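These numbers come from a predicted model, not from an experiment.
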Amino acid sequence: MADLNTMYRVIILYMLSKVEFPLTNTQITNFILEKDYTNYFTVQQTIADLLSSELITAESTHSNTRYRITEDGRKTLTLFHDKISPEIKEDISSYFKEHHYELVRETAVYADYYKVAGADSYQVRCHIRNLEIPVLDLSLRVQTKEQARVICDNWETENDEVYALLMDMLLK
């Protein structure tokens with residue numbers, strides 16, 4: 001079983017090493033489940049183990065968590081890269097080629113909110129990034145948690161339109 005757990009860790013580290021942007025929990029989990037490598041609970045436990053070992057880092061929003069490989073994770077991967085087969089590496093490569101646009105888009109556009117300390121309001125931050133370069137970083141203060149949630153949800157589908165509107169207004 002230890003060998004399988006090592007393989008799952010290396011799969012995740014390998015995935016994170018092959019992209020220039022963070023991957024979400026959903027993206028990692030979907031790949032592993034689609035390939036039937038293991039079950040959902042094992043994936044989540046493996047991610048937790050990688051976090052506690054500081055081989056990956058996490059950035060959480062209200063709707064998902066994004067992971068990056070650390071320098072220690074890269075060093076570990078070089079030591080254990082042979083724990084996953086060339087076929088699994090090819091599966092990962094094919095998955096990234098097939099889903100590249102969706103993977104980038106899902107990690108490039110996100111929104112989050114938090115309660116403002118000492119106030120009865122919420123701060124909403126909406127982001128658009130090109131890889132790790134900020135394209136738009138918009139902060140809004142709203143009165144209710146429900147307003148914050150609605151803005152975050154709508155940002156996922158309306159960000160292109162909002163960005164275009166802002167650019168048109170500011171460049172006229």
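Contact detail for Met169 and Lys172: the closest heavy-atom pair is O-CG, 3.4 Å. His81 approaches Val10 most closely through the heavy-atom pair CA-CG1, 4.3 Å. The two residues Tyr110 and Glu156 make their nearest non-hydrogen contact at CA-OE2, 3.8 Å. Taking all atoms of both residues into account, the shortest heavy-atom contact from Arg129 to Pro134 is CG-CA, 4.2 Å. Nearest heavy-atom pair, Ile47 versus Ile12, reported as atom, atom and distance to 0.1 Å: CG1-CD1, 3.8 Å. When every heavy atom of Met15 is checked against every heavy atom of Phe31, the shortest pair comes out as SD-CD2, 3.6 Å.
Residues satisfying the side chain to side chain contact (heavy atoms under 4.5 Å, CB included) criterion with Val142, sequence neighbours excluded, are Tyr122, Val124, Gln147, Ala148, Ile151.
Using modelled atom types, one finds no donor on one side chain facing an acceptor on the other under 3.5 Å when comparing Tyr8 with Asp49. Residues Glu90 and Ser94 have side chains that bring a donor and an acceptor to within less than 3.5 angstrom of each other. Inspection of the Arg149 and Tyr113 side chains reveals an N or O donor paired with an N or O acceptor under 3.5 Å. In this model, a donor atom of one side chain and an acceptor atom of the other lie less than 3.5 Å apart for Ser85 and Glu87. Counted by atom type alone, Thr29 and Asn25 present one or more donor-acceptor pairs between their side chains at under 3.5 Å.
Residue Gln44 places its CD atom among more than 12 non-hydrogen atoms of other residues, nucleotides or ligands, all under 6.0 Å distant. Counted within 6.0 Å of CG on Asp137, heavy atoms from surrounding residues, nucleotides or ligands total more than 12; the atom is thus considered enclosed.
In this structure, His100 and Phe21 have perpendicular ring planes: the angle between them is above 60°, well past the 30° mark.
The shortest distance between side-chain heavy atoms of Leu4 and Thr38 does not fall below 4.5 Å. At a threshold of 4.5 Å between non-hydrogen side-chain atoms, the residues Tyr67 and Thr65 count as touching. A heavy-atom distance below 4.5 Å is not found between the side chains of Tyr37 and Thr42. Here the side chains of Lys75 and Leu79 are not in contact, with every heavy-atom distance at 4.5 Å or above. Residues Ile32 and Asn39 have side chains not in contact (no heavy-atom distance under 4.5 Å, counting atoms from C-beta outward). For the pair Ile28/Leu16, a side-chain contact is recorded, criterion being any heavy-atom separation below 4.5 Å from C-beta on. Contact of the Ser93 side chain with the Lys18 side chain is not registered, since no non-hydrogen atoms from C-beta on lie closer than 4.5 Å. Residues Ile92 and Phe96 are in side-chain contact: their nearest non-hydrogen atoms beyond the backbone lie under 4.5 Å apart.
Side chain of Trp155 to main chain of His127: a donor-acceptor pair is present (N/O by atom type, distance under 3.5 Å, no hydrogens or angles). Panel note: side chain Gln27, backbone Leu103; a donor-acceptor pair is recorded below 3.5 Å. The backbone N or O of Arg125 sits nowhere less than 3.5 Å from a side-chain atom of Ser139 that would complete a donor-acceptor pair.
Hydrophobic clustering (ILVMFWY, side-chain heavy atoms < 4.5 Å, transitive): Leu33 and Tyr95 are in distinct clusters. A single hydrophobic cluster is not seen to contain both Leu136 and Leu165; linkage of ILVMFWY side chains at heavy-atom distances under 4.5 Å, directly or through other members, places them apart. By the criterion of side-chain heavy atoms lying less than 4.5 angstrom apart, applied directly or through intervening Ile, Leu, Val, Met, Phe, Trp or Tyr residues, Val116 is not grouped with Leu140; the two fall into different hydrophobic clusters.
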Please step through side chain to side chain contact (heavy atoms under 4.5 Å, CB included) for the pair Leu55 and Arg74, ending with a clear verdict.
CA-CA 8 Å; Leu55 299 178; Arg74 289 184 192 285; over 6 Å; no
Residue pair Lys83, Arg9: steps toward the side chain to side chain contact (heavy atoms under 4.5 Å, CB included) verdict
CA-CA 9 Å; Lys83 297 292 182 188; Arg9 287 183 186 103; over 6 Å; no
